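Keep in mind that what you see is a predicted model, and the values were worked out from it rather than measured. Hydrogens, waters and symmetry mates play no part in the numbers below; they use all other heavy atoms, side chains included.
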Amino acid sequence: MTEPLPPLPPPPADIDAPTDLALMPTGETARLRADAARNRTRLLEVAARLAAERGIANVTMEDIACGAGVGKGTVFRRFGDRLGLMVELLSHHEEKLQAAFLSGPPPLGPGAPARERLQAFGSAVIRHEHANRDLYLAAHMDANRQRATPPYQLRLVHVCMLLREARADGDTELVAHTLLGYLETALVDHLLTRRGMSLERVEAGWCDLVDRYTSRCTGRCTG
């Protein structure tokens with residue numbers, strides 16, 4: 001008997017949707033929603049660039065406003081405060097990663113064998129979170145809370161699906177949690193910064209772990 005997949009996370013609330021659609025023509029609603037989405041994307045791209053250059057702790061709301069060519073009040077209205085900014089920025093990064101492993105080109109996206117997709121998935125997560133380490137370390141300080149978030153649940157469902165396709169040994173959900181534990185931001189950061197390991201070595205360890213569970217050792221990581 002096949003065990004059920006973990007439940008999918010609920011879709012995110014559309015915070016830009018107007019509260020009363022009857023008061024606004026459909027065309028105008030679409031235009032305003034599109035404008036809000038573009039403004040959000042522009043501000044987040046500026047925030048992401050500055051965070052990559054300086055570290056998220058050294059980026060102010062005023063810096064983002066200047067970089068985007070808008071008033072500081074616009075940034076505060078969009079995000080509320082620094083915590084709101086960090087939540088939105090994390091969501092922005094997650095959206096890009098999710099698009100890549102759900103619908104991007106293989107081997108990370110559909111079209112490659114399940115084992116190769118698992119290997120590519122781990123490598124992508126390691127590199128993605130390392131590139132945005134300050135943000136992910138801050139967001140994942142509470143590991144128990146982090147595992148209850150929609151992004152983690154989506155990763156869990158994805159890894160379970162690939163493990164089943166690869167006919168992996170063991171309890172699928174427990175194996176998926178074990179694999180995702182290897183990818184936790186704090187552990188990877190410890191291996192890279194405290195233990196002095198290279199990204200290539202950490203990725204190779206992930207691929208070896210995947211091979212062990214899928215019983216098809218190849219000795220190299222695809223993708």
Side-chain angles (χ1 to χ4, degrees), residues 8-19 24 28-105 108-109 120-143 145-158 180 183-186 188-189 192 199:
L8 280 167
D14 187 352
I15 60 175
D16 290 320
T19 57
M24 194 177 296
E28 185 71 3
T29 300
R31 183 183 68 78
L32 290 178
R33 285 167 61 90
D35 287 346
R38 281 194 296 270
N39 289 338
R40 173 183 180 270
T41 299
R42 179 176 60 168
L43 290 171
L44 288 173
E45 292 290 355
V46 170
R49 175 174 57 80
L50 293 175
E53 293 172 355
R54 311 174 186 178
I56 188 64
N58 300 312
V59 177
T60 68
M61 304 293 257
E62 187 171 1
D63 292 334
I64 298 168
C66 291
V70 300
K72 187 165 64 172
T74 299
V75 182
F76 277 100
R77 283 193 297 273
R78 172 64 255 188
F79 302 118
D81 53 22
R82 277 186 58 81
L83 178 60
L85 167 65
M86 290 181 64
V87 169
E88 288 258 14
L89 189 55
L90 185 65
S91 176
H92 180 61
H93 285 308
E94 278 294 312
E95 287 168 8
K96 290 185 174 183
L97 178 64
Q98 290 169 6
F101 70 72
L102 291 175
S103 58
L108 180 57
F121 172 78
S123 294
V125 170
I126 289 167
R127 290 185 176 270
H128 173 81
E129 294 196 355
H130 179 62
N132 305 286
R133 61 184 295 274
D134 289 349
L135 185 63
Y136 277 93
L137 283 172
H140 295 172
M141 288 181 66
D142 185 339
R145 184 176 180 182
Q146 183 261 327
R147 292 188 187 98
T149 62
Y152 182 89
Q153 291 299 312
L154 180 58
R155 293 184 188 189
L156 179 64
V157 171
H158 182 66
L180 289 174
L183 301 177
E184 285 188 0
T185 312
V188 173
D189 185 65
L192 295 175
L199 275 170

> Between atom NZ of Lys96 and atom CG of Asn132, what is the distance when rounded to the nearest 0.5 Å?
Replying inline: 9.0 Å

> For Ala100 and Leu108, which heavy atoms make the closest approach, and how far apart are they?
Replying inline: CB-CD2, 3.6 Å

> Which value, rounded to the nearest 0.5 Å, describes the distance between Leu97 atom CG and His128 atom NE2?
Replying inline: 5.0 Å

> With a 4.5 Å limit on heavy-atom distance, are the side chains of Leu102 and Leu154 in contact?
Replying inline: yes

> Leu199 and Arg127: which non-hydrogen atoms are nearest, and at how many Å?
Replying inline: CD1-NH1, 3.6 Å

> Considering only heavy atoms from C-beta outward, does the side chain of Asn39 approach that of Val70 to under 4.5 Å?
Replying inline: no

>> Please enumerate all residues that pass side chain to side chain donor-acceptor pair (under 3.5 Å) together with His130, with sequence neighbours excluded.
In response: none

>> Can you list everything that forms a side-chain contact (heavy atoms from CB on, under 4.5 Å) with Asp189? Sequence neighbours excluded, please.
In response: Arg133, Leu137, Thr193

>> Run the side-chain contact (heavy atoms from CB on, under 4.5 Å) test on Ile64 and Leu85 for me, step by step, so that the C-alpha distance in whole Å, both residues' side-chain angles and the decisive distance to 0.1 Å come before the verdict.
In response: CA-CA 10 Å; Ile64 298 168; Leu85 167 65; 3.3 Å; yes

> In this structure, which one of Glu45, Glu88, His92 forms a side chain to side chain donor-acceptor pair (under 3.5 Å) with Arg40?
Replying inline: Glu88

> Minimum heavy-atom separation for Ala68 to Leu43, with atom names?
Replying inline: CB-CD2, 3.6 Å

> Sequence neighbours excluded, which residues qualify as side chain to side chain donor-acceptor pair (under 3.5 Å) partners of Glu129?
Replying inline: Arg155, Thr185

>> Taking side chain to side chain donor-acceptor pair (under 3.5 Å) as the definition, give me every residue that meets it alongside Thr41, ordered by chain and number, with sequence neighbours left out.
In response: none

>> Tell me every residue that passes ring pair (Phe, Tyr, Trp, His ring centres under 6.0 Å) with His158, counting only those two or more places apart in sequence or in another chain.
In response: Phe101, Phe121

>> Just to verify, what does Arg49 make a side-chain contact (heavy atoms from CB on, under 4.5 Å) with, not counting sequence neighbours?
In response: Val46, Glu53

> With sequence neighbours left out, what residues match Arg147 under salt bridge (charged side-chain N to carboxylate O under 4.0 Å, His left out)?
Replying inline: Glu184

> Hey, is the main chain of Val87 close enough, under 3.5 Å, to the side chain of Ser91 for a donor-acceptor pair?
Replying inline: no

> Between Tyr136 and His93, what is the ring plane arrangement, given parallel below 30°, perpendicular above 60°, and tilted in between?
Replying inline: tilted

> Restricting to pairs with a member in residues 57-76, which pass salt bridge (Lys or Arg N to Asp or Glu O under 4.0 Å), not counting sequence neighbours?
Replying inline: Arg54-Asp63

>> Looking at every non-hydrogen atom in both residues, tell me the closest pair between Pro151 and Glu94 and how far apart they are.
In response: CB-OE1, 3.6 Å

